[in-house]
Protein chains: 2
Amino acid sequence: MACEKIFIRELHQRGLRLTPQREMVLSALHEAKGFETAEEIYERVRRLSASVDISTIYRTLDLLHHMGFVASVDAGDGQARFALTALQEPHVHLVCQGCGRIVGVPIHEVEPLLQALRARYGFEADLDDVTLYGLCENCRGSSPSAR
Amino acid sequence: MACEKIFIRELHQRGLRLTPQREMVLSALHEAKGFETAEEIYERVRRLSASVDISTIYRTLDLLHHMGFVASVDAGDGQARFALTALQEPHVHLVCQGCGRIVGVPIHEVEPLLQALRARYGFEADLDDVTLYGLCENCRGSSPSAR
DNA sequence: CTTTTTGTTGCAACTGGTTGCAAGATACCA
DNA sequence: TGGTATCTTGCAACCAGTTGCAACAAAAAG
(Lines give C-alpha, C1' and ligand atoms only; values in the text may rest on other atoms or scores of the structure.)
Protein backbone atom coordinates (compact mmCIF):
# COMPACT_ATOMS: atom_id res chain seq x y z
CA MET A 1 0.00 0.00 0.00
CA ALA A 2 2.05 2.90 -1.27
CA CYS A 3 -0.98 5.01 -0.53
CA GLU A 4 -0.55 4.60 3.23
CA LYS A 5 3.04 5.86 3.22
CA ILE A 6 2.01 8.98 1.38
CA PHE A 7 -0.89 9.39 3.77
CA ILE A 8 1.43 9.27 6.79
CA ARG A 9 3.78 11.77 5.21
CA GLU A 10 0.90 14.14 4.43
CA LEU A 11 -0.45 13.83 7.97
CA HIS A 12 2.92 14.67 9.48
CA GLN A 13 3.35 17.65 7.17
CA ARG A 14 0.15 19.08 8.62
CA GLY A 15 0.94 18.25 12.22
CA LEU A 16 -1.76 15.58 12.27
CA ARG A 17 -1.55 12.06 13.65
CA LEU A 18 -1.84 8.52 12.41
CA THR A 19 -4.47 6.64 14.39
CA PRO A 20 -5.86 3.10 14.08
CA GLN A 21 -9.21 4.60 13.10
CA ARG A 22 -7.68 6.50 10.19
CA GLU A 23 -5.80 3.41 9.04
CA MET A 24 -8.98 1.37 9.15
CA VAL A 25 -10.97 3.87 7.10
CA LEU A 26 -8.21 3.95 4.49
CA SER A 27 -8.14 0.17 4.43
CA ALA A 28 -11.94 -0.01 4.11
CA LEU A 29 -11.76 2.34 1.15
CA HIS A 30 -9.19 0.06 -0.46
CA GLU A 31 -11.51 -2.91 -0.02
CA ALA A 32 -14.46 -1.01 -1.44
CA LYS A 33 -13.29 -0.46 -5.02
CA GLY A 34 -15.93 2.03 -6.03
CA PHE A 35 -18.28 4.53 -4.45
CA GLU A 36 -19.81 3.60 -1.11
CA THR A 37 -21.89 5.47 1.45
CA ALA A 38 -20.48 6.46 4.84
CA GLU A 39 -22.68 3.78 6.37
CA GLU A 40 -21.21 1.09 4.13
CA ILE A 41 -17.67 2.19 4.95
CA TYR A 42 -18.66 2.25 8.62
CA GLU A 43 -19.75 -1.40 8.34
CA ARG A 44 -16.40 -2.36 6.82
CA VAL A 45 -14.53 -0.60 9.61
CA ARG A 46 -16.71 -2.25 12.24
CA ARG A 47 -15.61 -5.64 10.98
CA LEU A 48 -12.10 -4.55 11.99
CA SER A 49 -13.06 -2.91 15.26
CA ALA A 50 -16.50 -2.68 16.82
CA SER A 51 -15.93 0.42 18.92
CA VAL A 52 -15.44 3.02 16.21
CA ASP A 53 -18.01 5.78 16.09
CA ILE A 54 -19.76 6.87 12.90
CA SER A 55 -18.76 10.48 13.56
CA THR A 56 -15.13 9.42 13.34
CA ILE A 57 -15.87 7.86 9.95
CA TYR A 58 -17.35 11.15 8.74
CA ARG A 59 -14.47 13.17 10.16
CA THR A 60 -11.91 10.88 8.57
CA LEU A 61 -13.64 10.83 5.18
CA ASP A 62 -13.74 14.60 5.35
CA LEU A 63 -10.04 14.73 6.13
CA LEU A 64 -9.16 12.33 3.32
CA HIS A 65 -11.35 14.36 1.00
CA HIS A 66 -9.57 17.61 1.87
CA MET A 67 -6.25 15.88 1.39
CA GLY A 68 -7.33 14.78 -2.08
CA PHE A 69 -7.33 11.03 -1.38
CA VAL A 70 -11.07 10.65 -1.59
CA ALA A 71 -13.76 11.88 -3.97
CA SER A 72 -17.15 12.71 -2.53
CA VAL A 73 -20.26 12.58 -4.70
CA ASP A 74 -23.81 13.45 -3.76
CA ALA A 75 -25.75 10.99 -5.89
CA GLY A 76 -28.94 12.95 -5.31
CA ASP A 77 -30.57 10.37 -3.03
CA GLY A 78 -29.69 12.17 0.18
CA GLN A 79 -26.59 10.11 0.85
CA ALA A 80 -23.04 11.08 -0.05
CA ARG A 81 -20.81 8.44 -1.61
CA PHE A 82 -17.05 8.19 -1.23
CA ALA A 83 -14.26 6.49 -3.16
CA LEU A 84 -10.47 6.43 -3.09
CA THR A 85 -8.91 8.42 -5.88
CA ALA A 86 -5.46 8.40 -4.33
CA LEU A 87 -3.49 10.76 -6.48
CA GLN A 88 -5.34 10.95 -9.73
CA GLU A 89 -6.18 14.21 -11.41
CA PRO A 90 -9.37 15.68 -9.92
CA HIS A 91 -12.56 14.71 -11.67
CA VAL A 92 -15.94 16.21 -12.34
CA HIS A 93 -18.48 13.45 -11.70
CA LEU A 94 -21.45 12.56 -13.87
CA VAL A 95 -24.30 10.79 -12.07
CA CYS A 96 -26.77 8.95 -14.29
CA GLN A 97 -30.26 9.39 -12.88
CA GLY A 98 -31.40 6.30 -14.76
CA CYS A 99 -28.97 3.63 -13.52
CA GLY A 100 -27.07 5.46 -10.77
CA ARG A 101 -23.69 4.95 -12.40
CA ILE A 102 -21.00 7.49 -11.54
CA VAL A 103 -18.48 8.45 -14.22
CA GLY A 104 -15.44 10.64 -13.70
CA VAL A 105 -14.43 13.29 -16.20
CA PRO A 106 -10.84 14.56 -15.93
CA ILE A 107 -11.00 18.19 -15.06
CA HIS A 108 -8.92 19.35 -18.00
CA GLU A 109 -11.76 18.34 -20.30
CA VAL A 110 -13.96 21.08 -18.89
CA GLU A 111 -11.23 23.73 -18.94
CA PRO A 112 -13.10 25.70 -21.67
CA LEU A 113 -15.98 26.20 -19.25
CA LEU A 114 -13.60 27.60 -16.64
CA GLN A 115 -12.19 30.01 -19.21
CA ALA A 116 -15.63 31.17 -20.27
CA LEU A 117 -16.68 31.90 -16.67
CA ARG A 118 -13.41 33.71 -16.02
CA ALA A 119 -13.73 35.81 -19.16
CA ARG A 120 -17.40 36.76 -18.84
CA TYR A 121 -17.93 36.91 -15.09
CA GLY A 122 -14.45 37.27 -13.64
CA PHE A 123 -15.35 34.17 -11.67
CA GLU A 124 -12.65 31.66 -10.81
CA ALA A 125 -14.61 28.43 -10.45
CA ASP A 126 -13.29 25.44 -8.55
CA LEU A 127 -14.49 22.35 -10.39
CA ASP A 128 -12.60 19.86 -8.20
CA ASP A 129 -15.79 18.73 -6.61
CA VAL A 130 -18.60 19.23 -9.03
CA THR A 131 -21.28 16.65 -9.73
CA LEU A 132 -23.57 16.83 -12.75
CA TYR A 133 -26.80 14.89 -13.13
CA GLY A 134 -28.32 13.50 -16.29
CA LEU A 135 -28.69 10.35 -18.36
CA CYS A 136 -25.90 8.13 -19.63
CA GLU A 137 -25.78 6.68 -23.14
CA ASN A 138 -27.56 3.45 -22.14
CA CYS A 139 -30.36 5.13 -20.24
CA ARG A 140 -30.97 7.85 -22.82
CA GLY A 141 -32.70 5.55 -25.26
CA SER A 142 -34.47 3.06 -23.03
CA SER A 143 -36.95 4.05 -20.36
CA PRO A 144 -35.00 4.68 -17.20
CA SER A 145 -34.53 1.58 -15.07
CA ALA A 146 -34.48 1.64 -11.30
CA ARG A 147 -31.14 1.88 -9.57
CA MET B 1 -49.01 39.67 -9.30
CA ALA B 2 -49.13 38.04 -12.70
CA CYS B 3 -47.07 35.29 -11.16
CA GLU B 4 -49.95 34.10 -9.00
CA LYS B 5 -52.34 33.69 -11.93
CA ILE B 6 -49.83 31.55 -13.75
CA PHE B 7 -49.23 29.60 -10.57
CA ILE B 8 -52.94 28.85 -10.19
CA ARG B 9 -53.19 27.75 -13.81
CA GLU B 10 -50.17 25.47 -13.45
CA LEU B 11 -51.58 23.94 -10.27
CA HIS B 12 -54.89 23.18 -11.94
CA GLN B 13 -53.18 21.66 -14.94
CA ARG B 14 -51.56 19.16 -12.60
CA GLY B 15 -54.66 18.48 -10.56
CA LEU B 16 -53.18 20.29 -7.55
CA ARG B 17 -54.85 22.81 -5.29
CA LEU B 18 -54.41 26.42 -4.29
CA THR B 19 -54.15 26.72 -0.51
CA PRO B 20 -53.56 29.71 1.77
CA GLN B 21 -50.20 28.19 2.74
CA ARG B 22 -49.07 28.07 -0.89
CA GLU B 23 -50.19 31.65 -1.46
CA MET B 24 -48.31 32.80 1.61
CA VAL B 25 -45.06 31.13 0.56
CA LEU B 26 -45.33 32.71 -2.87
CA SER B 27 -46.00 36.07 -1.30
CA ALA B 28 -43.05 35.67 1.09
CA LEU B 29 -40.81 34.93 -1.86
CA HIS B 30 -42.01 38.12 -3.54
CA GLU B 31 -41.12 40.10 -0.43
CA ALA B 32 -37.71 38.50 -0.20
CA LYS B 33 -36.10 39.81 -3.38
CA GLY B 34 -33.07 37.57 -3.38
CA PHE B 35 -31.98 34.25 -1.97
CA GLU B 36 -33.22 33.31 1.49
CA THR B 37 -33.09 30.16 3.60
CA ALA B 38 -36.19 28.07 4.28
CA GLU B 39 -36.07 29.34 7.86
CA GLU B 40 -36.12 32.97 6.72
CA ILE B 41 -39.06 32.31 4.41
CA TYR B 42 -40.74 30.45 7.26
CA GLU B 43 -40.40 33.58 9.44
CA ARG B 44 -42.00 35.71 6.73
CA VAL B 45 -44.91 33.29 6.42
CA ARG B 46 -45.35 33.19 10.19
CA ARG B 47 -45.91 36.93 10.20
CA LEU B 48 -48.94 36.19 8.01
CA SER B 49 -50.12 33.12 9.90
CA ALA B 50 -48.59 31.60 13.02
CA SER B 51 -49.87 28.07 12.56
CA VAL B 52 -47.99 27.06 9.42
CA ASP B 53 -45.54 24.20 9.83
CA ILE B 54 -41.96 24.32 8.55
CA SER B 55 -42.51 21.04 6.69
CA THR B 56 -45.19 22.75 4.64
CA ILE B 57 -42.67 25.47 3.75
CA TYR B 58 -40.23 22.83 2.55
CA ARG B 59 -42.91 20.97 0.62
CA THR B 60 -44.12 24.16 -1.04
CA LEU B 61 -40.62 25.34 -1.94
CA ASP B 62 -40.01 21.94 -3.44
CA LEU B 63 -43.20 22.17 -5.46
CA LEU B 64 -42.39 25.68 -6.69
CA HIS B 65 -38.91 24.50 -7.56
CA HIS B 66 -40.20 21.58 -9.63
CA MET B 67 -42.61 23.94 -11.36
CA GLY B 68 -39.72 26.22 -12.28
CA PHE B 69 -40.84 29.21 -10.19
CA VAL B 70 -38.04 28.94 -7.68
CA ALA B 71 -34.29 28.40 -7.90
CA SER B 72 -32.63 26.41 -5.15
CA VAL B 73 -28.95 26.89 -4.38
CA ASP B 74 -26.83 25.06 -1.85
CA ALA B 75 -24.46 27.81 -0.76
CA GLY B 76 -22.17 25.23 0.83
CA ASP B 77 -22.95 26.22 4.43
CA GLY B 78 -25.40 23.41 5.04
CA GLN B 79 -28.50 25.48 4.29
CA ALA B 80 -30.27 25.68 0.95
CA ARG B 81 -31.32 29.10 -0.30
CA PHE B 82 -34.35 29.84 -2.44
CA ALA B 83 -35.42 32.69 -4.69
CA LEU B 84 -38.23 33.43 -7.12
CA THR B 85 -37.16 33.18 -10.73
CA ALA B 86 -40.71 33.19 -12.04
CA LEU B 87 -40.31 32.39 -15.70
CA GLN B 88 -36.76 33.27 -16.54
CA GLU B 89 -34.48 30.98 -18.46
CA PRO B 90 -32.89 28.43 -16.10
CA HIS B 91 -29.57 29.47 -14.63
CA VAL B 92 -26.40 27.84 -13.46
CA HIS B 93 -25.46 29.51 -10.18
CA LEU B 94 -22.01 30.71 -9.16
CA VAL B 95 -21.45 30.95 -5.40
CA CYS B 96 -18.51 33.10 -4.30
CA GLN B 97 -16.82 31.46 -1.35
CA GLY B 98 -15.31 34.79 -0.38
CA CYS B 99 -18.36 37.03 -0.05
CA GLY B 100 -21.23 34.57 -0.44
CA ARG B 101 -22.71 36.35 -3.43
CA ILE B 102 -24.79 34.24 -5.80
CA VAL B 103 -24.69 35.03 -9.51
CA GLY B 104 -26.86 33.41 -12.16
CA VAL B 105 -25.47 32.35 -15.53
CA PRO B 106 -28.03 31.77 -18.28
CA ILE B 107 -27.86 28.17 -19.24
CA HIS B 108 -27.22 28.81 -22.91
CA GLU B 109 -23.81 30.20 -22.01
CA VAL B 110 -22.64 26.76 -20.89
CA GLU B 111 -24.12 24.94 -23.87
CA PRO B 112 -20.60 24.07 -25.17
CA LEU B 113 -20.00 22.04 -22.01
CA LEU B 114 -23.21 20.09 -22.63
CA GLN B 115 -22.11 19.36 -26.17
CA ALA B 116 -18.68 18.19 -25.05
CA LEU B 117 -20.17 15.78 -22.50
CA ARG B 118 -22.65 14.48 -25.06
CA ALA B 119 -19.94 13.96 -27.68
CA ARG B 120 -17.32 12.33 -25.48
CA TYR B 121 -19.38 10.45 -22.91
CA GLY B 122 -22.80 10.12 -24.50
CA PHE B 123 -24.01 11.81 -21.33
CA GLU B 124 -27.01 14.13 -21.49
CA ALA B 125 -26.41 16.46 -18.56
CA ASP B 126 -29.15 18.49 -16.96
CA LEU B 127 -27.62 21.81 -15.93
CA ASP B 128 -30.90 23.37 -14.76
CA ASP B 129 -29.83 23.10 -11.18
CA VAL B 130 -26.09 23.22 -11.00
CA THR B 131 -24.14 25.32 -8.54
CA LEU B 132 -20.45 26.07 -8.96
CA TYR B 133 -18.21 27.36 -6.19
CA GLY B 134 -15.26 29.68 -6.50
CA LEU B 135 -14.18 33.30 -6.15
CA CYS B 136 -15.76 36.33 -7.79
CA GLU B 137 -13.79 39.15 -9.35
CA ASN B 138 -13.73 41.24 -6.15
CA CYS B 139 -12.64 38.42 -3.90
CA ARG B 140 -10.02 37.02 -6.24
CA GLY B 141 -7.52 39.78 -5.60
CA SER B 142 -8.15 40.70 -1.99
CA SER B 143 -7.93 38.21 0.84
CA PRO B 144 -11.35 36.62 1.18
CA SER B 145 -13.63 38.53 3.52
CA ALA B 146 -16.20 36.83 5.72
CA ARG B 147 -19.71 36.50 4.44
C1' DC C 1 -76.07 24.16 -0.37
C1' DT C 2 -74.41 19.37 0.63
C1' DT C 3 -71.79 15.57 -0.45
C1' DT C 4 -67.88 13.28 -2.07
C1' DT C 5 -63.31 12.83 -3.79
C1' DT C 6 -58.77 13.42 -3.25
C1' DG C 7 -54.99 16.58 -2.54
C1' DT C 8 -52.87 18.99 1.60
C1' DT C 9 -51.62 20.01 6.24
C1' DG C 10 -49.68 19.73 11.04
C1' DC C 11 -47.54 16.78 13.84
C1' DA C 12 -44.19 13.75 15.50
C1' DA C 13 -40.75 10.67 14.42
C1' DC C 14 -36.98 9.96 11.69
C1' DT C 15 -32.67 10.59 8.41
C1' DG C 16 -27.91 11.69 7.20
C1' DG C 17 -24.64 14.39 8.86
C1' DT C 18 -22.21 17.85 12.26
C1' DT C 19 -20.52 19.68 16.60
C1' DG C 20 -19.01 20.64 21.66
C1' DC C 21 -16.73 18.56 25.02
C1' DA C 22 -14.28 15.74 28.34
C1' DA C 23 -11.55 11.59 28.24
C1' DG C 24 -8.04 9.25 25.82
C1' DA C 25 -4.08 8.52 22.69
C1' DT C 26 -0.11 9.95 19.74
C1' DA C 27 4.23 11.91 18.91
C1' DC C 28 7.81 14.43 20.58
C1' DC C 29 11.28 15.74 23.95
C1' DA C 30 14.08 15.22 28.03
C1' DT D 1 11.69 5.36 29.64
C1' DG D 2 8.58 8.80 31.48
C1' DG D 3 6.34 13.36 30.91
C1' DT D 4 3.81 16.53 28.35
C1' DA D 5 1.53 19.19 24.68
C1' DT D 6 -1.95 18.72 21.69
C1' DC D 7 -4.51 16.10 18.38
C1' DT D 8 -8.28 12.71 18.17
C1' DT D 9 -12.00 10.03 19.77
C1' DG D 10 -16.65 8.49 21.52
C1' DC D 11 -20.61 10.23 23.09
C1' DA D 12 -24.69 12.76 23.19
C1' DA D 13 -27.00 16.60 21.59
C1' DC D 14 -28.01 18.97 17.79
C1' DC D 15 -29.06 20.59 12.71
C1' DA D 16 -31.52 20.98 8.20
C1' DG D 17 -34.52 18.51 5.86
C1' DT D 18 -37.92 14.39 4.92
C1' DT D 19 -41.66 11.20 5.69
C1' DG D 20 -45.95 8.50 7.39
C1' DC D 21 -50.22 9.30 8.81
C1' DA D 22 -54.68 10.79 10.45
C1' DA D 23 -57.36 14.96 10.32
C1' DC D 24 -58.57 18.54 7.35
C1' DA D 25 -60.08 21.29 3.36
C1' DA D 26 -60.36 22.57 -1.75
C1' DA D 27 -62.80 21.65 -5.80
C1' DA D 28 -66.11 19.36 -8.36
C1' DA D 29 -70.47 17.02 -8.73
C1' DG D 30 -75.24 16.48 -7.43
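Per chain, numbering begins at 1; letters A, B, ... match sequence-line order.
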Euclidean distance, S72(B) OG relative to R81(B) CZ, rounded to 0.5 Å: 11.0 Å

Euclidean distance, L132(A) CG relative to L132(B) CG, rounded to 0.5 Å: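 CG of L132(A) is found 8.0 Å from CG of L132(B).
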
Hey, can you pull the donor-acceptor pairs under 3.5 Å for the side chains in residues 47-55 of chain B, sequence neighbours left out?
unit_1 : atom_1 : unit_2 : atom_2 : d
D53(B) : OD2    : S55(B) : N      : 2.9
D53(B) : OD2    : S55(B) : OG     : 2.7
S55(B) : OG     : R59(B) : NH2    : 3.2

What is the separation between atom [atom1] on [X] and atom [atom2] on [N], rounded to the nearest whole Å?
X      : N       : atom1 : atom2 : answer
I57(B) : dT9(C)  : CD1   : C1'   : 11 Å
D74(A) : dT15(C) : CG    : C1'   : 14 Å
L63(B) : dT9(C)  : CG    : C1'   : 14 Å
L26(B) : dT8(C)  : CG    : P     : 15 Å
D62(B) : dT8(C)  : CG    : C1'   : 14 Å
E23(B) : dT9(C)  : CD    : C1'   : 15 Å
F82(A) : dG16(C) : CZ    : C1'   : 10 Å

Answer with base, sugar-phosphate or nothing: what part of the nucleic acid does R22(A) contact at a heavy-atom distance below 4.0 Å? sugar-phosphate

Report each atom pair, protein N/O against N/O of nucleotides 24-28 of chain C, whose distance is under 3.5 angstrom.
unit_1  : atom_1 : unit_2 : atom_2 : d
dT26(C) : O2     : R17(A) : NE     : 3.4
dT26(C) : O2     : R17(A) : NH1    : 2.5
dT26(C) : O2     : R17(A) : NH2    : 3.3
dA27(C) : OP1    : L18(A) : N      : 3.2
dA27(C) : OP1    : L18(A) : O      : 3.4

In terms of the nearest nucleotide of DNA chain D, which residue is placed more toward the 5' end: L11(A) or T37(B)?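 Checking each residue's closest nucleotide, the 5'-ward one belongs to L11(A).
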
Who pairs with [X] by salt bridge (charged side-chain N to carboxylate O under 4.0 Å, His left out), at least two apart in sequence or on another chain?
X       : answer
R44(B)  : E31(B), E36(B)
R118(A) : E111(A), E124(A)
R14(B)  : E10(B)
E39(A)  : none

For residues 46-78 of chain A, pull every pair meeting ring pair (Phe, Tyr, Trp, His ring centres under 6.0 Å), keeping only residues two or more places apart or in separate chains.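 Those involving residues 46-78 of chain A are F7(A)-F69(A).
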
Tell me, please, which residues at least two apart from Q13(A) pass side-chain hydrogen bond (donor to acceptor under 3.5 Å, both in side chains). none

Listed by chain and number, what are the side-chain hydrogen bond (donor to acceptor under 3.5 Å, both in side chains) partners of Y133(B), not counting sequence neighbours? none

Identify, residue by residue, the members of residues 39-56 of chain A with a heavy atom below 4.0 Å from DNA chain C, and return them in order of residue number, or none. S55(A)

Residues in ring-ring contact (aromatic ring centres under 6.0 Å, His included) with H93(B), at least two apart?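 If we apply the ring-ring contact (aromatic ring centres under 6.0 Å, His included) test to H93(B), skipping adjacent residues, the hits are F35(B).
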
DNA chain D: 5'-most and 3'-most nucleotides touching chain B, 4.0 angstrom heavy-atom criterion: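 The contacted stretch runs from dA16(D) to dA27(D).
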
